[in-house]
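Read through the structure below, which is laid out as structure tokens, and then see the notes.
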Number of protein chains: 2
Amino acid sequence: MSSNPPNSNNNPAAVNTGGAGGSSPTFSPLYQQIKALITQSLQSGEWKPGELIPSEVELANRFKVSQGTVRKAIDELAAENLVMRKQGKGTFVSTHHEARAHFRFLRLMPDEGVPHYPESKFIEVKRTRAPADVARLLDLKSGDAVIFVKRVQSFDGVPTIVEELWLPGLTFKGLTAERLEEYKGPMYGLFESEFGTRMIRATEKIRAVCATEGDAALLKIAVNTPLLASERVSFTYGDKAVELRRGLYLTERHHYHNELN
Amino acid sequence: MSSNPPNSNNNPAAVNTGGAGGSSPTFSPLYQQIKALITQSLQSGEWKPGELIPSEVELANRFKVSQGTVRKAIDELAAENLVMRKQGKGTFVSTHHEARAHFRFLRLMPDEGVPHYPESKFIEVKRTRAPADVARLLDLKSGDAVIFVKRVQSFDGVPTIVEELWLPGLTFKGLTAERLEEYKGPMYGLFESEFGTRMIRATEKIRAVCATEGDAALLKIAVNTPLLASERVSFTYGDKAVELRRGLYLTERHHYHNELN
DNA sequence: GAGTGGTCTAGACCACTCC
DNA sequence: GAGTGGTCTAGACCACTCC
């Protein structure tokens, strides 16, 4: 054996010059670059929701980096819920078609009993033009084509949520009341499977309001009943806003649950 | 040089038998054990909020493990906001005495303008006995000594929050209206400095309610104005509940902000 | 037994801070 | 220049899954 140190770092594929790290002004660690490459493959659909992605060893070979660097990239993707690791099996692309995912965005919990998913009744589905406020939140131009959906959701037959959704017309071309009605399970599952658009994070603003006559009729409650009003903007890859959802929640037998860490 | 492999794992201090890993029924990885040891030192006050903890190399020497194992333990502690890493300086015990920490538990944001911390006016501070519901949430016995605090918080002079706090009497012995009033900044900072109790996480249940006459008078609003009602239980080390906080938020010019990931 | 992710080590070099 | 956390590598062995 020669006296070469066993750990000399001479990765031929490192994008930054130099060994581990580098010192260009736009320096980003190698694992971040690998993470970006994996994210691209997720976004492009090279690996689809629910599918197995290549093993860490395979990805390390493909990108000409060590397994440890791939691990660190995948660690972050797993923390962001883009992939799920399963020891002994592999790493899977996350999907909204799983019990686990159903309550990631639905934070309304029953005061008593086990959380379960509500039934939907669609009130209205139409193509229209984006009002100014909707356009602003979805990063569209005022008047751009959008799809408007209004529905009521019930838990055990009790109407509890009234929601209005605004979706970019281009992304969700072909979305109809029929497709929404025949689809069982969370809408984000439908969006993922049928429109190739995966929601990966959202921001929410919550207020208290009084039920209007229209809301009261849909929820079968008295006018002026206090309701939680949520305005949610959901984002897909590249921080692109792809849904505005305004919901009214009846909190007589449910509450909005949050964990502060 | 002998032909010893350079990476044979023979850590003399590993608690589990065998090398990396182990196979006892109660197996926990080495880094989790190190994390528990560090957490103990945080809890016992060996390193106090705001202070520098020993460097990774020092901790690795102390615990007779590699720096990588210490890193993984500290990574998790940093993710849980128990410590903060600062490159080039070291790792610091987190503290509620920092701008950064102030909005970790206060999620009410102004619709316009920059978030800032509200001013408090204390309405009532008294020692009393825990009602059954409070006792249950704080893991006390009904009738145990508790401290009750009621206050109104204002943003730019506009009353916006009415809060009632219930604190275990034993933990917060000596808390008086005077100490609360003379203290500037978030209450969790006071609890941390004066009572050695650091809040590290909380769960929150949110509902919409109508302002009662009492609430309306304190917030200078009309009776029946819709308000957000938050019930928060805060925990310190060891998942011990140490505060019940019931708040009413006026959401005319503010909203509860949440990020869904 | 082969393949996967999970843990652990040792060592090199980097970015950053403080002096 | 010394000390800190941050990145990267190579390699060993483990827990777990599937056959």
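Only heavy atoms go into these numbers, but all of them, side chains included; no hydrogens, no water, no symmetry mates. Letters A, B, ... are given to chains in the order of the sequence lines, protein chains preceding strands, and every chain is numbered from 1.
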_Consecutive Watson-Crick or G-U pairs in runs of at least 3, all under 3.5 Å, in which DNA chain C is involved_ = C:1-18 with D:1-18

*Between B/R100 and B/E98, does at least one N-O distance fall below 4.0 Å, as a salt bridge requires?*
no

_Below 4.0 angstrom, which residues in residues 36-45 of chain B have at least one non-hydrogen atom near DNA chain C?_
none

*asked:* Counting only side-chain nitrogens and oxygens, does A/R71 get under 4.0 Å of the OP1 or OP2 atom of C/dG5?
replied: no

*Answer yes or no: is there an ion pair linking B/E163 with B/R232, defined by an N-O contact shorter than 4.0 Å?*
no

*Are there more than 12 heavy atoms of other residues, nucleotides or ligands under 6.0 Å from atom CG of A/N81?*
yes

*Can you find a side chain N or O atom of A/S55 that sits less than 4.0 Å from OP1 or OP2 on C/dT4?*
yes

*Verify whether one side chain among A/S193 and A/Y183 offers a donor that lies under 3.5 Å from an acceptor in the other.*
no

_Would you say B/R85 places a side-chain N or O within less than 4.0 Å of OP1 or OP2 belonging to D/dT4?_
no

*Output the residues of residues 88-100 of chain B in contact with DNA chain D, where contact means a heavy atom of the residue under 4.0 Å from an atom of the strand; sort by number or write none.*
B/G88, B/K89, B/G90, B/T91

_Contact check, side chains of A/F191 and A/L167, non-hydrogen atoms, under 4.5 Å_ = yes

_Pairing donors with acceptors under 3.5 angstrom, does anything connect the side chains of A/Y31 and A/D75?_
no

*Would you say A/K86 reaches C/dG5's phosphate, i.e. side-chain N/O to OP1/OP2 under 4.0 Å?*
no

